[in-house]
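Worth saying up front: this structure is predicted, and the values here are computed from it rather than measured.
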Amino acid sequence: MDNVKELIQFMQPNQRLDLKAVALTHVLSLTGSIEGKDAILLLDDMLMAIFGLTFDANPTVAKDAVLSLINLTAEEAGAIKVFEFSKKVQPSFDIVGVAAKQICDEQAELADAWSMVLSNLTRVESLVHVILDTLEPTLPQLAKAFAKLDYNKKKSKLHYLAPIFCNLTQVPRGRELCCQPKYQLLEKLLPFASFEESVVRRGGTIGIIKNICFDAVYHDAILNEQDDILVAILQPLCGPEEFSDEDNEKLPIELQYLPESKTRETDPDLRKMLLECLLQMCATRRCREVLRAKGVYEILREYHKWEAKVGRDSECLLACENVVDILIKKEDEIGLDNYKSVEVPAEQSDKFIQEDAAYVKSLLD
């Protein structure tokens with residue numbers, strides 16, 4: 001601990017550049033281990049020094065300072081400590097405001113690094129409400145930066161904006177802001193559910209959709225006439241299969257007559273999330289009827305064949321089965337409006353899980 005403390009004196013703004021750089025390099029290496037992070041997080045003066053060096057005129061020093069913050073906020077306890085300390089230190093360090101400003105600055109060299117810091121902070125659900133107080137005015141600009149692939153002129157990709165928005169939608173206020181027509185955030189984010197170049201951007205976008213689908217308040221808005229959210233869910237699950245004209249007419253226009261080159265989502269975790277979105281949408285009778293009318297069963301029928309032969313992920317197969325089992329039933333057979341109103345006894349639930357696992361295993365054998 002004493003050795004770490006000694007570095008603080010060399011990490012002051014008015015110190016010689018070579019001393020700052022060497023000391024910060026050592027600190028950055030320490031943040032790569034749990035023990036090192038724990039030691040640094042106990043030293044308020046060290047955190048204050050790191051905050052100050054994020055503004056250093058030397059780009060390498062500034063970068064190492066921000067990279068240190070990424071590592072320090074990687075776990076929940078560290079994120080909370082850094083965030084809370086940034087507010088109480090004098091003068092205060094508006095870490096969220098600084099990150100947002102850097103991300104929105106087209107000429108910022110460290111926009112990607114700051115987006116990773118903000119992604120770590122927003123991952124902590126208990127911090128999201130306070131963070132939104134700072135971020136709300138900048139949400140439209142952040143969405144613009146995310147939607148325009150060449151937004152940053154210094155080659156920052158800004159992929160981590162997707163998990164930031166996903167983290168914000170953990171809470172009701174975040175979902176409300178994301179779905180508010182005046183901001184049009186969702187419209188800017190949705191196309192990236194199928195963005196092949198980055199699994200981070202793609203996964204964060206799918207996470208946003210999942211969080212919204214899990215909130216029944218938005219089900220009617222999701223299944224609107226534009227079909228934009230439904231298309232974002234279904235498109236990654238679609239392949240190049242040909243449908244009959246009758247089946248094609250059911251599908252949203254964007255999913256009709258897809259090219260032979262069309263591929264499915266390669267990440268099984270993301271495929272499962274998309275299927276879970278559909279399962280949530282099956283909760284009420286109205287939504288089930290819309291999903292059937294939009295050809296969701298037909299798409300999942302072909303997807304199921306592909307998953308059993310090519311994808312071969314047991315959890316995805318089971319998730320698909322759960323949706324299909326509901327959609328193939330007539331409403332008279334289901335006999336209730338809302339599945340979520342049904343309570344299944346624990347022993348019966350365990351039995352279903354075992355039966356499902358055995359069935360899926362038989363499909364993959």
Side-chain angles (χ1 to χ4, degrees), residues 20-21 24-25 27-28 31-32 50-74 78-79 82-83 86 93-124 127-128 131-132 134-169 174 178 183-208 267 270:
K20 278 192 294 189
L24 192 52
T25 298
V27 168
L28 178 57
T31 64
I50 294 172
F51 290 161
L53 292 182
T54 62
F55 295 119
D56 200 87
N58 183 275
T60 301
V61 171
K63 181 178 180 181
D64 283 353
V66 182
L67 293 179
S68 297
L69 288 178
I70 293 172
N71 291 343
L72 290 170
T73 57
V82 169
F83 180 75
S86 71
F93 180 71
D94 182 11
I95 191 168
V96 172
V98 170
K101 184 176 180 180
Q102 289 292 309
I103 295 167
C104 292
D105 182 355
E106 297 179 7
Q107 300 296 329
E109 298 272 2
L110 299 177
D112 274 342
W114 276 111
S115 68
M116 294 173 75
V117 173
L118 191 53
S119 175
N120 286 346
L121 294 176
T122 54
R123 192 183 301 130
V124 183
L127 299 181
V128 171
I131 289 173
L132 274 170
T134 300
L135 277 190
E136 183 173 350
T138 63
L139 287 178
Q141 188 62 32
L142 290 171
K144 178 182 177 182
F146 178 72
K148 188 178 179 182
L149 290 175
D150 60 349
Y151 179 86
N152 184 277
K153 307 310 178 190
K154 301 296 182 179
K155 299 184 179 180
S156 288
K157 301 296 185 183
L158 302 181
H159 294 324
Y160 275 85
L161 272 171
I164 290 170
F165 280 112
C166 176
N167 295 338
L168 295 178
T169 58
C178 197
Y183 287 138
Q184 294 187 320
L185 298 181
L186 205 52
E187 290 85 342
K188 293 182 174 71
L189 303 173
L190 284 176
F192 295 99
S194 299
F195 187 74
E196 294 182 1
E197 286 79 359
S198 170
V199 69
V200 172
R201 184 179 282 253
R202 202 164 71 243
T205 305
I206 291 172
I208 295 165
D267 189 308
L270 299 188

OG1-NZ distance between T138 and K101, expressed to the nearest 0.5 angstrom: 12.5 Å
Test item: T205 side-chain N/O and R201 main-chain N/O as donor-acceptor pair under 3.5 Å: yes
Residue pair A111 / N152: nearest heavy atoms and the distance that separates them: CB-ND2, 3.6 Å
Spatial distance of atom CG (L24) from atom OG1 (T60) [nearest 0.5 Å]: 10.0 Å
Close aromatic pair by centroid cut-off 6.0 Å: F146 and F192: yes
Atom of T134, atom of P137 and distance for their closest heavy-atom approach: O-CD, 3.3 Å
Greater than 12 external heavy atoms within 6.0 Å of E196's CD: no
Donor-acceptor under 3.5 Å (D112 side chain, L158 main chain): yes
Spacing of L69 atom CG and S86 atom OG [to the nearest 0.5 Å]: 9.5 Å
Backbone N/O of A74 and side chain of R123: donor-acceptor pair under 3.5 Å: yes
Distance-minimising heavy-atom pair for L28 and T31: O-OG1, 2.6 Å
Flag side-chain contact, heavy atom, 4.5 Å: L139 against F165: yes
Verdict with reasoning, F55 to F93, per ring-ring contact (aromatic ring centres under 6.0 Å, His included): CA-CA 11 Å; F55 295 119; F93 180 71; 5.7 Å; yes
Pairs touching residues 53-69 that satisfy salt bridge (charged side-chain N to carboxylate O under 4.0 Å, His left out), sequence neighbours left out: K20-D56
Check: I50 and L72 side chains under 4.5 Å, non-hydrogen atoms: yes
Distance (rounded to the nearest 0.5 Å) between E109 CD and Q102 CD: 10.0 Å
Geometric cation-pi criterion R202 and F195, 6.0 Å radius, 45° cone: no
Student check: side-chain heavy atoms of V98 and F51 closer than 4.5 Å: no
L135 and L168: CA distance, side-chain angles, deciding distance, side-chain contact (heavy atoms from CB on, under 4.5 Å) verdict: CA-CA 10 Å; L135 277 190; L168 295 178; 4.1 Å; yes
Distance, nearest 0.5 Å, that separates CG of L185 from SG of C178: 5.5 Å
Distance-minimising heavy-atom pair for G32 and N71: N-ND2, 4.3 Å
K144 atom NZ, over 12 foreign heavy atoms within 6.0 Å: no
CD1-CG distance between I103 and L110, expressed to the nearest 0.5 angstrom: 11.5 Å
P163 and its side chain to side chain contact (heavy atoms under 4.5 Å, CB included) partner, picked from V200, I208, N120: V200
N/O donor-acceptor pair under 3.5 Å between T25 side chain and A21 backbone: yes
Validation row: V124, I131 side chains within 4.5 angstrom (heavy atoms): no
Residue pair T73 / F83, side-chain heavy-atom distance below 4.5 Å: no
Side chain to side chain, Y151 and C104, heavy atoms closer than 4.5 Å: yes
